[in-house]
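What follows is a short report on a single structure.
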Amino acid sequence: MNSWNDRAYALFEEQQRDRGIDVGEVQRKLTALKIETPSWGYGDSGTRFKVFKKLGVPRNPFEKMEDAAVVHRLTGACPSVAIHIPWDHVDDFGAFRKHAESLGLTIGAVNPNVFQEDDYMLGSVTNADPRIRRKATDHLLACVDVMKETGSKDLSLWFADGTNYPGQAHIRRRKHWLQEALQETYDALLPHMRMLIEYKFYEPGFYHTDLADWGMAFTAANHLGPQAQVLVDTGHHAQGTNVEHIVAYLLDEGKLGGFHFNSRKYGDDDLIVGSINPYELFLIFQQILDASADSDEGVRQTAAGIAYMIDQSHAIEPKIPAMIRSVQNIQTQYAKALLVNLEELADAQGRNDVLGAENAIRKAYEMDVSPLLASMREEQGLPVDPMQAYLDGDYESRIAVRGIGGSSW
Ligand code: AFD
Ligand code: MN
Ligand code: MN
């Protein structure tokens, strides 16, 4: 590192040593944090009002992998890519897997799409028409078959199913139809696979959504069994929801399977994670790190098995830089959470020292972790500033030949 970084790191290490924090251990855990990027985050996407098409976005799933490989090459933190079916349907998933592997990537979670065909206007697995429920369930089963070819472990389920008006549909019958589809799909999973059930409190259903909150997803997962867990999308909660409380509860119940990271101000805005409320992201990681140190092995295992996935729609910002920024924001808040002295915190909590416990958390959040991030990247032979490294490079100009017209789907 340059002399400034060296001096900053030396001061940082001394500051942390004096607080009982082992910076070497912190850096090891920070290096071990792997973040899955979404194939759909590289293609054109937008809002229901407009998709602003960008020059050079991928024209096919293979090119999405090439863009994802750039993010991984510059950050060292993104070795897997989630795919979305049929947006990422290819004739030969074995060849697709080999293409990803040739780029230093693996194919991660498989996301079925049962929300974009006309048949699904009034619901997919909860549709009153048994023909449509069958069609949707068959798609879920087909995605399990894709997982067998891509070597994926996680089936990541989100349903747009919901209604717009009171009385439109029978909510309890829909609950049973949903569970039937989940059960049939769950029974098709191989022993190493997981089903991650995602919830969302509204949109596109504006009156009710069949999987509207963590409790419904938790209950559905519990009815299925140990290979079903909950996926927390950080943008899927009503205003003011305490997301880190949900995370703590699901961790303690062994049912936190993963995240879809993004930021929200008002709705499911799919903004760059950590850009609106970085303290929430820090507090989520603090709960995970607390669970990682828990005396209960099951809680520790749940924390260790979390899939950290980004799910964002970069409507106005350039795709690859937005993904790099997202990864940097995740690493920054995780690094800060690693600086919480858990013994100091537990001691203050045990003494009902309100301000002491709050301070034990907040002061870690207020610390500058840039020397640690620089050291971690330097030790891996990575650019200390991955964003600047991308901007200084020529990848953006090289992919311009793709023209305009690529899309997420
Ligand atoms: C939309 C949904 C949900 C889902 C994602 C990918 O709100 O978050 O996980 O699309 O299918 O953002
Ligand atoms: Mn999501
Ligand atoms: Mn969403």
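All figures in this text were calculated on a predicted structure; none of them were measured in a lab. Remember, it's 1-based here, ligands and their atoms both numbered in the order they're listed.
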Relative to ligand 1, is H260 under 4.0 angstrom through side chain, backbone, both or neither, heavy atoms considered?
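Side chain only; the backbone of H260 stays clear of ligand 1.
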Can you tell me which portion of D270 lies within the under-4.0 Å heavy-atom range of ligand 1? Options are side chain, backbone, both, or neither.
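Contact part for D270 vs ligand 1: side chain (C-beta onward).
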I'd like the atom name of the N/O/S atom in D268 lying closest to the Mn ion (ligand 3).
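This residue's closest N, O or S atom turns out to be OD2.
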Audit row: D269, R264, salt bridge (Lys or Arg N to Asp or Glu O under 4.0 Å) steps and yes/no:
CA-CA 5 Å; D269 308 328; R264 65 184 295 278; 5.5 Å; no
Any N, O or S atom of D311 closer than 2.8 Å to the Mn ion (ligand 3)
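Coordinating: no.
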Test side-chain hydrogen bond (donor to acceptor under 3.5 Å, both in side chains) on Y202 and H208 and set out the steps.
CA-CA 7 Å; Y202 90 108; H208 104 287; over 6 Å; no
Output the list of atoms in ligand 1 that are nearer than 4.0 Å to some heavy atom of [X], sorted by atom number.
X	value
H236	3 (C), 7 (O), 8 (O)
D233	8 (O)
H84	6 (C), 11 (O)

Among V247, D311, I310, D233, find the residue that satisfies the side-chain contact (heavy atoms from CB on, under 4.5 Å) test when tested with F259.
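For F259, the side-chain contact (heavy atoms from CB on, under 4.5 Å) check succeeds only for V247.
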Would you say the ring centers of F282 and F285 fall short of 6.0 Å from each other?
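So the answer is no for these two rings.
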What do you reckon, are the aromatic ring centroids of Y42 and H314 less than 6.0 Å apart?
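No, the ring centres sit 6.0 Å or more apart.
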Please state whether the separation between the Mn ion (ligand 2) and some N/O/S atom of H260 is under 2.8 Å?
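So H260 does bind the Mn ion (ligand 2) by this criterion.
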Please note down the angle at the Mn ion (ligand 2) between OD2 of D233 and OE2 of E198, to the nearest 10°.
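Result: 90°, to 10°.
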ring-ring contact (aromatic ring centres under 6.0 Å, His included) assessment of F115 paired with Y120:
CA-CA 6 Å; F115 53 83; Y120 298 138; 8.9 Å; no
Quick check for you: to the nearest 0.5 Å, what is the distance between C143 atom SG and H89 atom NE2?
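With rounding to 0.5 Å, SG (C143) is 10.5 Å from NE2 (H89).
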Would N111 count as a contact residue for ligand 1, given that I'm defining contact as a non-hydrogen atom of the residue lying under 4.0 Å from a ligand atom?
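Contact absent.
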To the nearest 0.1 Å, how far is atom 4 (C) of ligand 1 from its closest protein heavy atom, and which atom is that?
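Here the nearest protein heavy atom works out to D311 OD2, 3.7 Å.
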Looking at atom 9 (O) of ligand 1, what's its closest protein heavy atom, distance included?
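The closest heavy atom on the protein side is E198 OE1, 2.8 Å.
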Has the side chain of D161 got a donor or acceptor atom that lies under 3.5 Å from a matching backbone atom of T126?
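Present.
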